[in-house]
There are 2 protein chains.
Amino acid sequence: MSYQSESLIAQTREVREASGVSQRALSERAGLTQSHISQIESGKMEPGLSSFIDMTRALDLELMLVPKRLVPAVLSLVKAQAAPDMHIHAGQPNDKRFARAERLVKKMKHLYGSSADLDRIEETLRFLRRVSLGDQEMQLVRELIARLERYQASDQAAPIAREIAQNLQRLRNSIAHRAISEPRPAYSLDGDDDA
Amino acid sequence: MSYQSESLIAQTREVREASGVSQRALSERAGLTQSHISQIESGKMEPGLSSFIDMTRALDLELMLVPKRLVPAVLSLVKAQAAPDMHIHAGQPNDKRFARAERLVKKMKHLYGSSADLDRIEETLRFLRRVSLGDQEMQLVRELIARLERYQASDQAAPIAREIAQNLQRLRNSIAHRAISEPRPAYSLDGDDDA
DNA sequence: TATCCTGATGCGTTATTTTGTATCGATGAA
DNA sequence: TTCATCGATACAAAATAACGCATCAGGATA
């Protein structure tokens with residue numbers, strides 16, 4: 001007895017993970033317990049409506065009621081508009097790579113102080129992390145990160161960072177462009193199949 | 001401890017009433033009890049997420065998760081597109097008047113048999129009932145209905161019905177036109193005011 | 001290595017929902 | 001009037017959500 005809410009709950013989990021919010025952090029913001037959230041997310045318990053609303057609000061989401069007929073329209077609106085900022089997908093093996101990369105940047109900022117380039121890298125990583133990347137694209141990201149890691153302590157760190165920032169930015173732009181023109185392959189959002 | 005779900009629940013109630021579905025009918029469709037639904041709608045009880053989903057599905061509604069930033073867009077989409085068909089508002093004193101009018105038409109159809117004019121009147125009434133009418137507009141509707149009631153048994157019933165159908169149609173058209181061009185005054189949908 | 005944080009899990013208790021059944025007053029229809 | 005249906009309400013019983021706290025293993029960090 002659940003499965004109707006599966007999709008909704010899965011979405012909140014994806015958003016939570018994509019935003020880098022832990023269950024404990026969310027539990028404080030939402031006023032629930034961590035164990036509670038864990039059980040909800042893992043499907044061992046069905047939340048009350050108000051509990052669920054608390055969760056979604058804490059994630060900057062709104063629960064909205066939409067006439068069935070308009071669901072596709074709303075869905076495409078959310079997908080299209082949210083693409084350059086959201087585009088949820090998590091639990092991928094790539095996630096670790098991104099997390100590692102972001103830590104690396106943070107570390108460098110701590111060492112050298114913030115720079116426009118590091119900021120750009122950080123922001124672009126955050127974007128790329130949420131987008132579904134093709135294999136080649138992911139390969140490129142991997143190489144760039146590897147280079148950044150290699151030169152992190154070198155005295156060429158600054159120019160290298162600039163170059164990497166530019167490359168990442170270029171990748172981001174190409175993806176953002178693709179996002180509004182092409183139809184998009186397959187998604188994790190929606191998941192709407194009625195009985 | 002509720003108030004977050006107030007708006008959502010209120011919407012389901014409005015949709016239910018606007019669709020002319022009784023709590024009992026809904027309870028069967030949704031697999032819940034009538035007493036349960038009554039308590040939910042009157043705010044005496046907070047439904048579980050799955051119960052609420054059952055209710056909404058039975059009303060041809062979908063619960064969707066929308067990034068806060070996109071709420072206005074989705075809202076306008078729902079409002080605009082749903083206008084000529086939904087535009088929920090209920091519990092108004094006008095409702096009784098409309099219900100009475102629709103019964104009158106049904107009665108006349110039963111007496112004289114269905115006619116294109118009566119059908120048009122019926123359909124137009126159903127539309128007008130869901131739209132928020134200005135005072136003058138409601139006044140016009142009242143007069144037309146009164147005239148229909150007065151001549152329901154007369155031998156002029158047929159031509160009168162035709163005239164009334166035309167007048168109602170005209171009103172409907174003007175409202176439908178207004179609906180897509182002007183911004184709309186004040187609505188019951190949305191009701192989104194965060195704490 | 002030791003430390004910290006993540007999410008998952010267990011358990012006892014309380015609070016609340018949900019069901020089921022039954023009734024009520026109001027309202028409209030025959 | 002009589003009859004049906006509407007929504008609201010009552011009450012007991014069963015189910016379950018929610019809390020609180022404590023613990024666990026995994027992974028990353030230092």
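Sequence lines set the chain letters: A, B, ... in the order given, protein chains first and strands last, and positions in each chain run from 1. These values consider heavy atoms only, across backbone and side chains, with no hydrogens, waters or symmetry-generated copies. The model shown is predicted, which means the values in this text are computed figures rather than measured ones.
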**Request:** Kindly compute the distance separating CG (B:Asp60) from CG (A:Leu70), expressed to the nearest 0.5 Å.
**Result:** 11.0 Å
**Asked** Which of the following nucleotides, C:dT9, D:dC6, C:dT18, is nearest to the side chain of A:Ser42?
**Response** C:dT9
**Prompt:** Which whole-number value in Å describes the distance from B:His36 NE2 to D:dT16 C1'?
**Reply:** 12 Å
**Asked** Given atom CE of A:Met55 and atom P of D:dA17, what is their separation to the nearest angstrom?
**Response** 14 Å
**Item:** Separation of atom CE in A:Met45 from atom P in C:dC11, rounded to whole Å
**Value:** 14 Å
**Asked** Where the side chain of A:Leu32 is concerned, which of D:dC19, C:dT17, C:dT19 is the nearest nucleotide?
**Response** D:dC19
**Item:** Separation between CD1 of A:Ile9 and CD of A:Glu41, rounded to the nearest 0.5 Å
**Value:** 8.5 Å
**Request:** Would you kindly give the CD-to-P distance between B:Glu46 and D:dA18, to the nearest whole Å?
**Result:** 10 Å
**Item:** Interatomic distance, A:Ile9 CD1 vs D:dA17 C1' [rounded to whole Å]
**Value:** 13 Å
**Request:** Could you tell me the separation between the CG atom of A:Leu61 and the CG atom of A:Leu8, rounded to the nearest 0.5 Å?
**Result:** 10.5 Å
What donor-acceptor contacts under 3.5 angstrom involve side-chain atoms of residues 28-40 of chain B, with partners at least two apart or in another chain?
| unit_1 | atom_1 | unit_2 | atom_2 | d |
| --- | --- | --- | --- | --- |
| B:Arg29 | NH1 | B:Ala58 | O | 2.9 |
| B:Gln34 | NE2 | B:Gln23 | OE1 | 3.0 |

**Spacing of B:Glu17 atom CD relative to D:dG7 atom C1', expressed in whole Å** = 10 Å
**side-chain N/O B:Lys44 vs D:dA8 OP1/OP2, d < 4.0 Å** = no
**Prompt:** How many angstroms lie between atom CG of B:Asp54 and atom CG of B:Leu49, to the nearest 0.5 angstrom?
**Reply:** 9.5 Å
**Phosphate OP1/OP2 of C:dG7 contacted by A:Arg16 side-chain N/O (<4.0 Å)** = yes
**Message:** So, does B:Ser22 get its side chain near the phosphate of D:dT5, meaning an N or O under 4.0 Å from OP1 or OP2?
**Reply:** no
**Distance test, side-chain N/O of A:Gln23 to OP1/OP2 of C:dA8, below 4.0 Å** = yes
**Request:** Check the distance between C:dT6's P and A:Ile37's CD1 and give it to me in whole angstrom.
**Result:** 12 Å
**Prompt:** Over how many whole Å does the gap from B:Glu41 atom CD to D:dT9 atom C1' extend?
**Reply:** 15 Å
**Request:** Treat primed atoms plus P, OP1 and OP2 as sugar-phosphate and everything else as base, then score nucleotides 20-26 of chain D 5' to 3': B for base contact with protein heavy atoms under 4.0 Å, S for sugar-phosphate contact only, - for none.
**Result:** -B-B---
**Prompt:** Closest nucleotide of DNA chain C for B:Gly48 versus for A:Gln39: which of these residues is on the 5' side?
**Reply:** A:Gln39
**Fill in**
The reported gap from CD in A:Glu14 to CG in B:Leu65 (rounded to nearest 0.5 angstrom) is 10.5 Å
**Request:** Output the distance between atom CE (B:Met55) and atom OG (B:Ser50), rounded to the nearest 0.5 Å.
**Result:** 12.0 Å
